[in-house]
Amino acid sequence: MAGRVITITSGKGGVGKTTATANIGVALARRGKRVACLDADIGLRNLDVVLGLENRIVYDLVDVVEGRARLRQALIKDKRLPDLCLLPAAQTRDKTAVKEAQMLKLVEDLKKDFDFILVDSPAGIEVGFKNAIAPADEVIIVTTPEVSAVRDADRIIGLVEAAEKPAPRLIINRLRPAMVKRGDMLDTKDVLEVLAVELIGIVPEDEGIITSTNKGQPAAFDDRSPAGGAFTRIGQRLLGEDVPFMVFDDSSGLFDRVSKFLKR
Amino acid sequence: MSFLTRIFGQPHSADLAKERLQLVLAHDRMNIPPATLNALKDEIITVISHHVDIDRANVQVEVARSAEGNRLVMNIPVLGLRAAREAKATAARSARGRKTR
Ligand SMILES: Nc1ncnc2c1ncn2[C@@H]1O[C@H](COP(=O)(O)OP(=O)(O)OP(=O)(O)O)[C@@H](O)[C@H]1O
Ligand SMILES: [Mg+2]
């Protein structure tokens with residue numbers, strides 16, 4: 001069976017695409033799925049450091065499409081999770097180094113050996129974004145609960161629809177429950193209402209993301225981490241499990257509650 | 001605007017964020033300039049106020065996305081039926097023996 005290609009994208013930069021790709025990759029691989037994480041952010045690669053695999057890069061995506069390396073040679077196997085692989089982006093080239101047709105071919109080859117291919121898209125709406133979207137079977141859009149990020153997410157939703165992809169699903173990242181509670185941050189309900197898309201996960205603001213990125217050990221390795229747990233649940237939802245959405249409550253840390261308005 | 005806002009008068013920044021988002025997305029989605037959308041809003045308000053009294057300050061405009069495409073949604077709080085009020089006023093005036101214009 002051919003693997004599922006899921007592109008993780010956003011309009012605004014820095015909202016957490018790379019963090020989400022790495023953590024969802026870890027979450028799926030921990031459940032025994034064969035996962036390839038593909039860094040499509042050519043010229044600004046980061047997925048390697050977030051996954052802690054930067055020291056093992058020999059070849060990159062551009063080497064593969066230009067025929068200097070075979071796909072198998074360029075793929076880096078994660079020693080902690082043998083089912084997880086990374087195909088790094090080139091760092092010294094720019095986004096025009098890869099053509100859409102080359103990207104499609106590359107991903108087609110990956111599909112034979114993996115259950116999931118997670119594509120970490122660059123921000124924006126230019127060629128890098130288009131290359132990342134082209135091979136996608138499914139699209140996940142990441143936003144933070146801020147006016148500018150949500151506005152740009154809306155633009156991306158329109159472009160994904162125009163590309164005739166299935167309706168994208170949304171991750172709301174860096175939610176701060178205390179701010180939502182006092183009415184100083186857009187709530188999940190507000191964001192979903194204006195964007196009219198399906199939610200696939202809410203990830204709280206979590207210092208653990210920074211410390212785990214420092215170490216190159218994604219938070220989803222740790223079941224006690226709030227953000228790691230949120231990414232694990234996103235992985236479960238991708239596998240078709242019906243996992244309730246967390247309601248984050250600041251006074252008591254976290255507790256599980258199925259919230260009616262999020263159930264669609 | 002939320003219940004708290006009305007009591008304390010100070011809008012929460014999340015409420016402002018949502019309102020601003022709805023308007024900015026209305027422009028983005030319809031791909032028309034803010035000024036044009038405002039003109040459209042004003043004209044619709046004028047036409048509607050010929051027939052009903054409305055709460056102009058709280059009119060909301062939104063372009064909602066749905067599977068069938070974009071929908072322009074206006075939320076217009078109605079204070080009362082203008083025709084009914086005018087009829088009443090006219091009756092009162094004629095009772096006082098004055099002519100209406
Ligand atoms: N839930 C979170 N809590 C705390 N920090 C976070 C969270 N998610 C992301 N960050 C931090 O935000 C920063 C940007 O994240 P990331 O690199 O994943 O974004 P991106 O969308 O891939 O950015 P770019 O558009 O540059 O590719 C990083 O420093 C990351 O550690
Ligand atoms: Mg990134």
Side-chain angles (χ1 to χ4, degrees), chain A residues 10-12 15 124-125 139 141 143-170 172 174-199 202 204-205 248 250 261 264, chain B residues 1-42 44-45 48 54-78:
Chain A
S10 73
K12 192 172 185 298
V15 295
I125 54 177
V139 177
I141 294 176
T143 187
T144 55
E146 289 167 283
V147 176
S148 53
V150 175
R151 181 203 196 167
D152 293 352
D154 190 71
R155 183 84 205 285
I156 294 297
I157 292 168
L159 292 176
V160 170
E161 282 169 3
E164 295 183 344
K165 300 291 174 185
R169 289 187 279 181
L170 190 75
I172 300 176
R174 310 193 73 159
L175 189 95
R176 294 167 68 164
M179 288 193 74
V180 172
K181 210 168 172 184
R182 64 169 194 263
D184 276 331
M185 181 174 266
L186 285 168
D187 196 359
T188 306
K189 178 169 65 70
D190 300 331
V191 177
L192 293 181
E193 192 185 311
V194 292
L195 291 181
V197 282
E198 190 186 332
L199 184 71
I202 311 161
E205 172 80 25
F248 297 98
D250 215 51
F261 65 81
R264 302 178 135 237
Chain B
M1 233 165 260
S2 76
F3 169 70
L4 285 173
T5 314
R6 285 203 203 115
I7 292 181
F8 299 111
Q10 229 345 293
H12 284 284
S13 71
D15 294 331
L16 287 178
K18 190 176 176 191
E19 272 182 38
R20 293 178 59 221
L21 248 178
Q22 281 174 330
L23 211 64
V24 87
L25 290 187
H27 308 150
D28 290 356
R29 287 172 182 170
M30 299 227 304
N31 194 20
I32 58 169
T36 312
L37 188 65
N38 272 331
L40 178 95
K41 175 181 156 186
D42 288 344
I44 291 176
I45 289 177
I48 291 181
I54 62 178
D55 177 6
R56 281 171 181 260
N58 287 310
V59 172
Q60 275 187 359
V61 190
E62 189 195 347
V63 175
R65 191 197 289 289
S66 72
E68 293 77 38
N70 291 332
R71 276 177 308 125
L72 178 66
V73 180
M74 278 183 83
N75 192 335
I76 305 170
V78 177

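Throughout, a chain's letter reflects where its sequence line sits, starting with A, and its residues are numbered from 1.
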If you take all heavy atoms of A:D184 and B:H12, which pair is closest and at what distance? OD1-C, 4.4 Å
In plain terms, say whether A:R155 and B:D28 are close enough for a salt bridge, that is, a side-chain N and a carboxylate O under 4.0 Å apart. no
Heavy-atom pair of closest approach, residues A:D154 and B:R29: OD1-NH2, 2.5 Å
In Å, rounded to the nearest 0.5 Å, how long is the span from CZ of A:R151 to NE2 of B:H27? 9.0 Å
With heavy-atom distances below 4.5 Å as the criterion, would you say the side chains of A:L186 and B:L21 are in contact? yes
Below 4.5 Å from any heavy atom of chain B, which atoms of A:E146 appear? Answer side chain, backbone, both or neither. neither
